[in-house]
Structure formats: structure tokens, C-alpha cells
Amino acid sequence: MSQGTLYINKSPRNFTAEALISHFKLDVKIADLEQSSEFAPLFPLKQAPAFLGPKGLKLTEALAIQFYLANLITDDKEKAHLLGSDIIEQSQILRWASFANSDVMYNIARSYLSIKGLIPYNKKEVDGCYVKIDNFAAIFDARLRDYTYVATENISLGDIHAASSWAFGLATILGPEWRAKHPHLMRWFNTVAASPIVKAPFAEFKLAEKALTYVPQKKQKAEKPKADKPKAEKKKDEAKSEEPRPEKKEKHPLEALGKPTFVLDDWKRKYSNEDTRPVALPWFWEHYNPEEYSIWKVGYKYNDELTLTFMSNNLIGGFFARLSASTKYMFGSLVVYGENNNNGIVGAVMIRGQEFAPAFNVAPDWESYEYVKLDATKEEDKEFLNNMWAWDKPVVVDGESKEIVDGKVLK
Ligand SMILES: N[C@@H](CCC(=O)N[C@@H](CS)C(=O)NCC(=O)O)C(=O)O
């Protein structure tokens, strides 16, 4: 017998319920409330999510619905992880899920609606919301500096619903600068989003490339209203008013270092077209100028949280994509070594200038990696870089030799 129907709209707030249904194969139908004729008469507040269960059971409130759905899971161990196995765990899970669903969500939603002009914009109020959002993020950061998850030692509904609540803000009003200030929260967010339970609803989720900002509406001239514009044109106007104000494109700080004599594009071509060990690397060391470019060992800080090697490689891919504003000042490669559920990420990157931050800090997750400068006068540092760019020898980690199983080149 069907276990019920979940009515939702498209919003990350519903990721938790969607994840529970899809990952644990619950026999619950998911209905788009806007397409459903029975939704409005059943739920007069017309708010999402809503759930209709067996024997006329009607539930509203995201948390109540999630707790009900998690109880339908047949695997007792998974159920205990998600819901907690004693009253302390259960209370902590409810505490974090509720904190995210109320305080975090309310302030994110208020700011978003104001900035989009969907409710009247009041700068003081929106600034107040941002202060609260920062204070709440600090609570998450403080916990997540020392723990992998918010409520217990395992991923729980507290994590999943909190990550889904932050997701709404991270896709809209919380841009790269904000994210760079909350590395622990972001490390946790990325871990939860990549976990097998929520991977499916998060698949199309994208972090905001730039924080949404308020664009004041132009004052209307008090003139005779013109005849109504055709609908298509009106739509165009509406779309225009949502576009962010054109901003002066800021120069990348590394541009100030001037034009180097080492032509990075020549090297990138050499690396792509020639055999690495016998041809490209000797060319590199012949032309490399340590005054113009520095070289760095880059290692992921949370290797013990990595699971499948292909997911680790995707993590590198995402990191490189987020570095795109700096790629013309960089070259390098990060590799995945080890095996599923026991792997790590390390690599070597060359950067214009002597500092790593100006190149890396364009990526919101740059603080999830550690950076150690390499010295080209030291044979062992040169050999490390050669190995990281050639991928033809195992990596030595804590004295142990580990096979390279995957990797990506930043070019
Ligand atoms: N306290 C409720 C809030 C539900 C809620 O506000 N849902 C929003 C969508 S995120 C909604 O349906 N808004 C439409 C409306 O209020 O008309 C919960 O946590 O589930």
C-alpha cells in the first residue's frame, strides 16, 4: 500500500524529504503542489511541504514531515543515525534541524525576498538579517571546527535539513566572499551535499557565483500611463529589472605584477602536447623563473572524510572550476591517491608571484586546502613537483607508498 503523498514546490528546503524518499525507496509519491488539484482543499494554508499519509493523516511543517518519513525507513541502523539513538542524540538533532528551519531560514528568506523586491525593501531590516545570519553561521563554524557533523558523530536529519536550509542562501544571497569567511560551515556543507543520501536532490544545486544584491527600482515619471505593453515586452522589462547593476570589472590583483618573461601559455602547450617526463619537465626547469612564479604543495585538509575516489576527483574538478578567475596566473595538478574509503588529495601548483592567497582565494573552498611553498633549489621538492605533474609514480604519504588513481590538471 502506498505510504502517502508529499506535496512540494521547487526549493532546497524540501531536499531532505525528497532525499529520504528517493534514497530509502519509500513508497511515497512526490507531487508538485502547483500541478495538484487536491492540494489546496486539503491544506488551506497552501504552504510547502505538506504530506498526506494513510488513514487521512495530514502533516504540515517540514520537520514533522521529515521525522515521519525517516521513521518509515526499514534499516534500523540508518534510522538510528538519522533520528538519533537516545534522547540526547534525538534532542540535539531536533535542535539543529529546528535552528536551521526557523532562525537561519527566516533571515535568509527575508533578505532574499527583500533583495528581489518581492516584499518591500528596508535596508535596516536586511542589514539586521545579515548580522543574524553571520551570528548563526558562527555557531555552525564553532561546532564544525572540531566535529564532522552538527548533532552527532554521524550524518543525521540535523545535518541534512540544516544543509538544505543553508543551500537556499548559498544559491542566492551568500556569495563567494561570505563563503570564504565560513570555511568550517562550507566544508561541512560540501560533505553533506555529497553524501549518498542527499546526492540526488543536490545534483543540480549551484553555489551563487556572486551574491544577489538589491537594485533600487527606477523612480517612475508621473506621466500619463501608456497603453499596456505586450506581454512579451513586459516580461523582458521584468527580467531587466532583476539584472544586477553593471559593476566595474575589477582587475585581478596578480595583474599588478606585470608581464612575466616565462610565457605560461607556452608551458601549458608543452605540457599538453609533449611527453611529460622526458620532454615537458626538462623544458619546464630550463625556463622556470622562481622570481616570477612560486611553486606550492597543495593538500586537502580533510582526507579522512573522503569516500569514493571518483568523488574525490570531482571535488578537485569543482575546486578548479571555482579557481577559474585565477587560472591564467596558474598551472598545476592535483591527484587522488589510495582507494575507495581510504584516499587523499595532493598536488603541486605554480602561481604568479610569491603568495598563494591572491591566486587561490577566488575559490570559496580554498581554505579546505593547505599550502606549503616548494623550493626549486631542493632536489626533493623538484622531484615532488615532477611526480605530481607526471602521475607516473606512487605518492609517498607518511612514509607509505600510495598509487595515484585519478587526478586533474589546472590549466
Ligand atoms: N513552518 C513551515 C513553513 C512553510 C513555508 O513557509 N513554506 C513556504 C515555502 S518555503 C510556502 O509554501 N510559502 C507559500 C505561502 O506562504 O503562501 C515549515 O517549516 O514547513
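Remember, predicted model here, so these are calculated numbers, not experimental data. Counting begins at 1 with the first residue of the sequence. First listed ligand is number 1; within each ligand, the first listed atom is number 1.
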Name each N or O atom in ligand 1 that is under 3.5 Å from a protein N or O, and give the partner atom and the distance.
from	atom 1	to	atom 2	distance (Å)
ligand 1	1 (N)	Glu61	OE1	2.9
ligand 1	1 (N)	Glu61	OE2	3.0
ligand 1	7 (N)	Ala48	O	2.8
ligand 1	12 (O)	Ala48	N	2.7
ligand 1	16 (O)	Gln47	NE2	3.2
ligand 1	19 (O)	Arg13	NH2	2.7
ligand 1	19 (O)	Glu61	OE1	3.4
ligand 1	19 (O)	Asn101	ND2	3.0
ligand 1	20 (O)	Arg13	NH2	3.4
ligand 1	20 (O)	Ala62	N	2.8

Check your understanding: Is the number of heavy atoms from other residues, nucleotides or ligands within 6.0 Å of CD (Glu355) greater than 12?
Key ->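 Open.
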Point to revise | Any side-chain heavy-atom pair of Tyr130 and Val126 under 4.5 Å | key: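 They are in side-chain contact.
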Check your understanding: Looking only at heavy atoms, which two atoms of Tyr337 and Ile345 are closest? And how far apart?
Key ->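 Scanning both residues, the minimum pair turns out to be CE2-N, 3.8 Å.
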Practice item. Taking all heavy atoms of Met388 and all of Ser333, pick out the closest pair and write down the distance. Key: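 That closest heavy-atom pairing would be O-OG, 2.9 Å.
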**Study point:** Pair Trp267-Trp389, ring pair (Phe, Tyr, Trp, His ring centres under 6.0 Å): steps then yes or no
**Key:** CA-CA 12 Å; Trp267 160 243; Trp389 290 1; 5.7 Å; yes
Exercise for review: Could you tell me which residues satisfy side chain to side chain contact (heavy atoms under 4.5 Å, CB included) with Ser91, sequence neighbours excluded, listed by chain and number?
Suggested key: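 Here the qualifying residues are Ile87.
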